[in-house]
Amino acid sequence: MSTDFTASAKWISEEYRDLNGTTIEVLEEPPSALEFARLVHISRPVIIKGVDFPALHRWTSDYIQEKMGDRQISVAVTLADAITEGPDGLLYFAEPLVEKMTMTELLRKLGPERTDSQEIHYLQSQNGNLFSPNLQGSSEFEPLTADVPREVPWCSEALGREPDAVNIWIGDERSVTSIHSDPYENIYTVVQGEKQFFLLPPTDSWCLNERLYPHATYRRSSLDNALELVPAASDVHPVRWSSIVDPEEPEALPEDVLPIRVTLRAGESLYLPVGWWHYVRQSGLTIALNWWYDAEMRGMSWVILNFLRNVTEVPSGNEETLPELLVLAADINPIDIISHLPVMSEEAQIPYIFVSSKEELGHASSTKRPTSCVMVCPDLKRKTKKKEGQTEDKDDDYRELYDECYKEVEKLDTKSCRPDHFLVSTYPRLCSTMPAPKAKAASNADGGAKKKAASTSGSSTPVSSVPEKDFSSDHVVTSAGGRPDKKAHDAEQAKIKSEIDALQAKLNVVRDKIALATKSGGPGNERRAALRAELDSIRDKQASNKSSRGKQFDQMKAIQDGIQKKIKDLQAAKSKIPFKNVAEVDAHIKNLEKQVESGNMKLADEKRALQEINAAKRNRKVVEGFQAEQESIEADRQKIEEIKKQLDDPEAEAISKRYEAIKAELDQLKKEGDEAYAGRAKLFEERDNIQSQLKTLFDEKRQSVQRFREANDRYWSKVNEDRARRAEKARAQRAAEEAAKKKEIAERLLEEAQIPAYQAQIEDCQTLIDYFSGKSTGTAVFKSTAAAEKTELAGVPKLELRKVEEAPEGLVARKKKGEEEESYFVASKGKGKNKKNTSKTNGAASADAKDVAPKDSGALNIPFATLSALLSLSIPPPASSADVPRVIEDLNTKKAWFEANQARVTAENIAKAKAEIERLSKADPVSEVKPPNGSGENPAEPAPTPTIGPDSVAVPSEAVVDKLEAVEEDEEKKESESSS
């Protein structure tokens, strides 16, 4: 691509971008045919919402699988993108392998359960697989065609034709379409999923580096059935394709190329005009449809599209060409000799670099004389005939070094770095790529290096003399706790930023002056262009005004001529009539009539007077016409005055003044440009000095941020370490407390387990035996039925019981009726008329409790505690004194059983306690601790007493109650008899 065409193409691209921007229109509903025709005329992508057809509502994975069933479809299978390296190391345009499979198999390969195979499956047949006029037979997707319209009505009406092809696309995030353009008007609709489009207009074709690649196709290997790339025959025409694999990668496209990024979601459509470049990705499983309409080739649009792509010859994609590199000496005096070269290099997109002196550049070029500039063109070799026995060119030995040097130079930002920075960072590596000269040349170069140094006189590229700041200090303002002070850091950053902004403003002013001097852009030249454009528009307006003024002058002259003619005619008419106005005529007529009426006139005089009266009346009409003529003349004069007022238009006068002001401003800009051009060397020096100061400030800003970040990291690292230590200490303390608690629980469990089993029951049995045998008197105390002592819970406040104050001295508290506690209650059947309340008080009960069996009856009164003890041992209480031996026998049997099983149960309790202790030692500290006797605090209820001798018959509880009631009645009768 020539330099001139590149500059022209870039201008066309920038012009298109300035006029159209980098955004596209979004329509909330489909356009009409007329509206879409206008969109086609503009040739600009548009997102269209509200498109509706059955597939948008019905198509899901299950629906498509059900509809397609076992039908075989064509699926493309590849390993990489379109441009792929073949087995011979060359680049090929790779066609995919087309395999037949069912829709279920395809969706399984695209779904989450797919294997980790590197093969990429994509339904992309592009041959009108749904509808096409050229489709032979039925479509592979015949069951789905009922859900898709054959055409887009408003598009077909606007373009005057039906679509060339209707395609279905199914793929996943691995299915990527490389950047390309199509010769179709494209309506693309997403049914399910999401597509990302990377769009470039046809005016950006110049930057896509199209190449010609040989053709190849993927095939299955006969050995392992894996995909392999098979090049086509040599007679197959190469394919023209962009060499940019991923345009979204950094530096893939020039910085001034601004793509349009569009995300198309389900239910949305994209109109993609003919010739637009697009690179397409998708998110997850995506199903889409598109309608291709053949492009209109009449008119200029198609010619311009072909011109933008075919103006230069497309090179082969496998020809290795290295880009050029321009090397300039920085001490050229005067600088005007080479000042045009950087500008030309930037226009041609050729990187350039400054080295310190002409002598060093000559030394690196293996010459004996100073050299101002060197253009390195690796692939432009002289075609000379090789001598006999001459070896091959050794330039390939330097290609790797040249590539490295070229990349380094390309990375340098000439807008923010000063030339002396190039000398320090790049020159040694650059010189290492050049062939080493002879020893004599080396000594000569050394001498030259001693003589020459970078100048700051303004005639060469200057080296900044700004003192470098010391960035080695690690001082960071900290607060009392050692934490870096964020406010102080922000204040420091704000101060540096203010200095940078001030220098940046100065730099912009200097750059504007340089641009004004070199006429290479900038606000000054933009202002000049704007003024010239305004001047041209003013000239057009003035030309239009001049044309209209000429017409007004012609009109005024015509009216003036008419006025002169009317005046001349009026004067001629007035000269023929002796009367000046109608009043004179009327007075003359009245005078003649008065003479005629007097009768004093002669007949001839009277006749003459009558004739004169008639003539005067005729003249009166003529005199009346004089007034109308005069009014017409005055009207014409008024028209002339109005035309004169139009000629004195203030708008036209303002335009003339604006024209003069623009001319004066343009002259001033020209003067400033001339002055800047005369002092451009100083401007360059001032720009470089400001850039050097900016670099220093940016370094200081970065160093400050780095120091603050490191200090902040150190502070938080220390804080985190302290927290970790405290947490570890707390964990250790908790572990110790848990261990102590576990030990305490273990000791308690073991201690409780070592208590002989059934000891309380054995003692209660003996107490009851003694009681019923009459060996003991008084109130018996039973251990097994004693109330469990309430233990205080940790963390729960102790409940303070309410206490009633004691009665004052000398007073007795009076109790309410029935307030006395009863030790027992003997029920009765309610027989007898004079039934009384037979409840016993505590005193009576205690008195009666002393006698087990009264002498005068067989009734037996047993205290409540004794009854509870018997029931806890599962022994029925005695119904009468005669039943006491049976109770004693049961108690002996129960006691014997407890004593027989005491050792065994005690051993079992100890084993359970040890198992619980072992579980606690392994369990989580928060796990619940269960007592060895089950889930309750009270001991488990003992099992019924086993029978040793003959079966004992238990007395029913109803019989006991009846017996007690009978005893009570007898006592009542005795009391009544004694009282009587």
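In what follows, every heavy atom counts, from backbone to side chain, and hydrogens, waters and symmetry copies are set aside. Every value quoted in this text rests on a predicted model; they were computed, and no experiment measured them.
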State whether the number of non-hydrogen atoms from other residues, nucleotides or ligands found under 6.0 Å of [X] atom [atom1] is greater than 12.
| X | atom1 | value |
| --- | --- | --- |
| E142 | CD | yes |
| H57 | NE2 | yes |
| R150 | CZ | no |
| K100 | NZ | yes |
| E95 | CD | yes |
| D88 | CG | yes |

With the side chain counted from C-beta on, respond yes when [X] and [Y] share a heavy-atom pair under 4.5 Å apart, and no when they do not.
| X | Y | answer |
| --- | --- | --- |
| L289 | F53 | yes |
| H215 | Y92 | no |
| L694 | I500 | yes |
| Y122 | V75 | no |
| L91 | T84 | no |
| I350 | L325 | no |
| E99 | L97 | yes |
| E15 | I12 | no |

Is it the case that the side chain of [X] and the backbone of [Y] share a donor-acceptor pair, with hydrogens and angles ignored and the cut-off at 3.5 Å?
| X | Y | result |
| --- | --- | --- |
| W291 | P149 | yes |
| E35 | S32 | yes |
| R44 | N20 | yes |
| R211 | V239 | no |
| Q282 | S175 | yes |
| E105 | T102 | yes |
| S242 | L208 | yes |

Show the nearest heavy-atom pair for residues [X] and [Y], with the distance to one decimal.
| X | Y | result |
| --- | --- | --- |
| A288 | Y188 | CB-CE2, 3.5 Å |
| P202 | G275 | CG-O, 3.5 Å |
| Y279 | I179 | CD1-N, 3.7 Å |
| N129 | I168 | OD1-N, 3.0 Å |
| E185 | P273 | OE1-CA, 3.5 Å |
| G193 | T286 | CA-OG1, 4.0 Å |

Is the ring centre of [X] less than 6.0 Å from the ring centre of [Y]?
| X | Y | answer |
| --- | --- | --- |
| Y213 | W241 | no |
| F307 | W206 | no |
| H180 | W277 | no |

Check whether the side chains of [X] and [Y] place a donor and an acceptor atom closer than 3.5 Å, and report yes or no.
| X | Y | result |
| --- | --- | --- |
| H278 | D182 | yes |
| W59 | D147 | yes |
| Q196 | S283 | yes |
| D204 | S13 | yes |

Salt bridge present between [X] and [Y] (N-O < 4.0 angstrom):
| X | Y | value |
| --- | --- | --- |
| E296 | R161 | yes |
| E194 | R265 | yes |
| D172 | R281 | no |
| D501 | K497 | yes |

Distance check, rounded to the nearest 0.5 Å: [X] atom [atom1] versus [Y] atom [atom2]?
| X | Y | atom1 | atom2 | answer |
| --- | --- | --- | --- | --- |
| L56 | T189 | CG | OG1 | 7.0 Å |
| S61 | L110 | OG | CG | 9.5 Å |
| D62 | I64 | CG | CD1 | 9.5 Å |
| H121 | R108 | NE2 | CZ | 11.5 Å |
| L27 | K49 | CG | NZ | 10.0 Å |
| L130 | L144 | CG | CG | 7.0 Å |

Sequence neighbours excluded, which residues qualify as salt bridge (charged side-chain N to carboxylate O under 4.0 Å, His left out) partners of E210?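 Salt bridge (charged side-chain N to carboxylate O under 4.0 Å, His left out) check on E210 returns R240, R309.
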
The test is side-chain contact (heavy atoms from CB on, under 4.5 Å); show your working for F141 and M103 and say whether it passes. CA-CA 10 Å; F141 303 90; M103 180 64 72; 3.9 Å; yes

Starting from the C-alpha separation in whole Å, work towards a yes-or-no answer on side-chain contact (heavy atoms from CB on, under 4.5 Å) for L212 and V314. CA-CA 7 Å; L212 294 175; V314 180; 4.0 Å; yes

Mind checking whether F36 and Y271 have parallel, tilted or perpendicular rings, split at 30° and 60°?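 If you compare the ring of F36 with that of Y271, the planes turn out perpendicular.
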
Between R220 and E119, is the salt bridge (charged side-chain N to carboxylate O under 4.0 Å, His left out) condition met? List the steps. CA-CA 12 Å; R220 290 288 182 188; E119 296 180 358; 2.5 Å; yes

Begin from the C-alpha positions of N290 and W169 and carry the test side-chain hydrogen bond (donor to acceptor under 3.5 Å, both in side chains) through to its verdict. CA-CA 8 Å; N290 85 301; W169 309 74; 2.8 Å; yes

Assess whether side-chain contact (heavy atoms from CB on, under 4.5 Å) is satisfied between L159 and V40, documenting all intermediate values. CA-CA 9 Å; L159 298 176; V40 174; 4.1 Å; yes

Does the pair K109 and M101 meet the rule for a side-chain contact (heavy atoms from CB on, under 4.5 Å), with working shown? CA-CA 11 Å; K109 293 179 183 296; M101 63 182 68; 4.0 Å; yes

